[in-house]
Amino acid sequence: MNKRFTLKSHVLHKWIGLLAALWLAVLGATGFVLDHREWNWVWQTTVNSQWLPQPLVDESNIAQYRLFQVKPDDNRRLLTGGPTGLWWSDNRGEQWHKTQFGTDGQPGVWAIFEQPSQQATTHKRWQALWLATNNGLWLSTDNGQTATQVALSGKKITAITGSSQLGQLIGIEDRSRLFRFDPLTRQVEWQLIAPPSPSELEKEIDLSRLVHDLHFGRGLVNPTFDLLWSDITGIAICVLAISGFLFFWLPKRWKKKKVPARHKKSMIRNLYRIHAIFAGVVIAIPLLYLSVTGIILDHSKALRPWLKETKITPALQPPTYQAASWYQLIYGIATDPSEPQQLLLGSRAGLFVSNDDGRSWTNDPTVSGFVWTLRQQGNQLMIGGMGAPNRVQSENGWTAVKGSGHMPTDMSVDDAGSIYWKSKHGVMQTSLVHPPQHIEIAYPTTNRTPLYYLLDGLHTGLLIHPSWPWINDLFALCAILLVITGLKRWWRHRWL
């Protein structure tokens, strides 16, 4: 009985592997690159849009422009941009012009901060725009037409805002380190701040958060280990596909070409060790949870209520959610206009507040969930949530703003009190007197699409057909069966 089952298991592994190898290799390779969205080349390298499905091009044309700023005293003047650069318009988006960054290339822009009016000319706002980019800190003094690098060349600056000290700026490098910058002396001072106390971290997370984090390589131990483990898995999937095919194809080739027996034996042994031990066994566990989470994410809209309602207590959470470190955790920074000495950090674990210049932190209990974006403009503070409400600070504390879009990547305020929320679905305008409304904005047009969206469309299958996620489910099930049958075969022949 065991012999018959072993034979069936071996045959099943071989034919499922041959069927699924190519597409699993595609998923592994594209997943490896997509985990590194900070790489500039995946945004600066473009492909001709005419070869891509229109829905993919349309999504790219909206999502790649993560930033959206309205000039406070003239809402016809706009800025937009993101990982592919920065653009400005003086006619409400009818025409766009690319910001000139000089000879140092086109950096990706993470955040924009307008220098307070005490330093800028009060009747002409936007005289000083500070740009946080993946190549340091830049300054534009002509309303975004040109920009000059002023500090931190080669550093990835992910957030920038004004300091409580008049004229100074504070920012975040690579979502991890805080610095202070003096525009007059151009001096940068790195500031050590206390890590978050474990008691101030989230008490529970929802299943949706865990599924996303596991699949995108950040839901296990810590950001460094998780990303490395995810990279190894992506590469190993490709190695499995290639070595498995060679294991099948070489013996057939040898029938037509004479090869010394010792060479055959050596080749088969080495292939087996590469395929089974160095690739298969090492990534068995991540391949299982990537397959399961991939199936869930393929149908996340339908499963969303269940994913949000299912809560995971601290005892069941992976170690990364209890890590007392700011590394890769900070998504925004601000100071409280009503209490200038108060420092705010928006993070994956919520909103943290310090009244002693970062020597201690408390988690604001009124702001639950992932603070995806934290913006400060003048006297206005705004929060964009991920799986949590968007909020605006008012006299009564943080007030949820309904109908402002999910996961806004930027927020902007004009002098009339309207707030513009930019998300991958477009721009929503909210105010105290009018209901939320969608603002029709024509983004900069181009016949080129960043390589990132091509790889993303290939990974999800939407580049091929809208129903391809169901095919991805089939390949995910194949991967699960390959792990089970492969481990069983390895256990029987592990000393080969």
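- Side-chain contact between I383 and W398: present, with at least one pair of heavy atoms (C-beta onward) separated by less than 4.5 Å.
- One side chain, N40 or N134, offers a donor N or O that lies under 3.5 Å from an acceptor on the other.
- Closest non-hydrogen pair, R175 versus T158, comes out as N-OG1, 3.0 Å.
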Quiz prompt | salt bridge (Lys or Arg N to Asp or Glu O under 4.0 Å) evaluation trace for R180 with D357 | solution = CA-CA 12 Å; R180 295 183 179 276; D357 205 28; 2.6 Å; yes

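- For Y452 and W43, the ring centers sit closer than 6.0 Å to each other.
- No side-chain heavy atom of N390 sits less than 4.5 Å from a side-chain heavy atom of M382.
- For the pair L129/L139, no side-chain contact is recorded, criterion being any heavy-atom separation below 4.5 Å from C-beta on.
- A side-chain N or O of H36 and one of D231 form a donor-acceptor pair less than 3.5 Å apart.
- The 12-atom threshold is not exceeded at CG of N379, counting heavy atoms of other residues, nucleotides or ligands nearer than 6.0 Å.
- More than 12 heavy atoms of other shown residues, nucleotides or ligands fall within 6.0 angstrom of atom NZ in K98.
- R348 has its side chain within reach of R209: a pair of non-hydrogen atoms, C-beta onward, lies under 4.5 Å apart.
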Quiz item: Please walk me through it: do Y453 and Q64 pass side chain to side chain contact (heavy atoms under 4.5 Å, CB included)?
Solution: CA-CA 9 Å; Y453 290 106; Q64 68 175 293; 3.7 Å; yes

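- For the 3.5 Å distance criterion, the side chains of Q322 and Q317 qualify, holding a donor opposite an acceptor.
- Under the 6.0 Å cut-off for aromatic ring centres, W326 and F352 qualify, their centroids lying closer than that.
- The backbone N or O of A194 lies less than 3.5 Å from no partner atom in the side chain of R359, so there is not a single donor-acceptor pair.
- In this structure, L228 places its CG atom where more than 12 heavy-atom neighbours from other residues, nucleotides or ligands lie under 6.0 Å away.
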Quiz item: Taking it one step at a time, do R375 and D410 satisfy salt bridge (Lys or Arg N to Asp or Glu O under 4.0 Å)?
Solution: CA-CA 7 Å; R375 288 287 186 266; D410 201 12; 2.8 Å; yes

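- With sequence neighbours left out, the side chain to side chain contact (heavy atoms under 4.5 Å, CB included) criterion links D336 to S338, E339, Q342, L381, Q393.
- In this structure, the side chains of N363 and P196 stay at 4.5 Å or more apart for every pair of heavy atoms.
- Here the side chains of L288 and I480 are in contact, with some heavy-atom distance below 4.5 Å.
- Relative orientation of the H212 and F216 rings is tilted, given thresholds of 30° and 60° on the angle between their planes.
- One side chain, S394 or T399, offers a donor N or O that lies under 3.5 Å from an acceptor on the other.
- Shown here for P436 and G403, the closest heavy-atom pair between the two residues is CB-O, 3.4 Å.
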Self-check item: Evaluation steps, side chain to side chain contact (heavy atoms under 4.5 Å, CB included), between L462 and L56
Solution: CA-CA 8 Å; L462 296 178; L56 183 66; 5.5 Å; no

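- Taking every heavy atom of both residues into account, P286 and W229 meet most closely at CG-NE1, 3.5 Å.
- Counting only residues at least two apart or on different chains, the salt bridge (charged side-chain N to carboxylate O under 4.0 Å, His left out) pairs with a member in residues 149-164 are K156-D174.
- Checked against side chain to side chain donor-acceptor pair (under 3.5 Å), Y420 has the following partners two or more places apart in sequence or in another chain: D414.
- The nearest pair of heavy atoms linking K311 to D206 is NZ-CB, 3.7 Å.
- Taking the six-membered ring where tryptophan is involved, the planes of F101 and W138 are perpendicular, since the angle between them exceeds 60° and thus also 30°.
- For the pair Q341 and N355, the minimum side-chain heavy-atom distance is 4.5 Å or more.
- Contact of the D90 side chain with the W88 side chain is registered, since non-hydrogen atoms from C-beta on lie closer than 4.5 Å.
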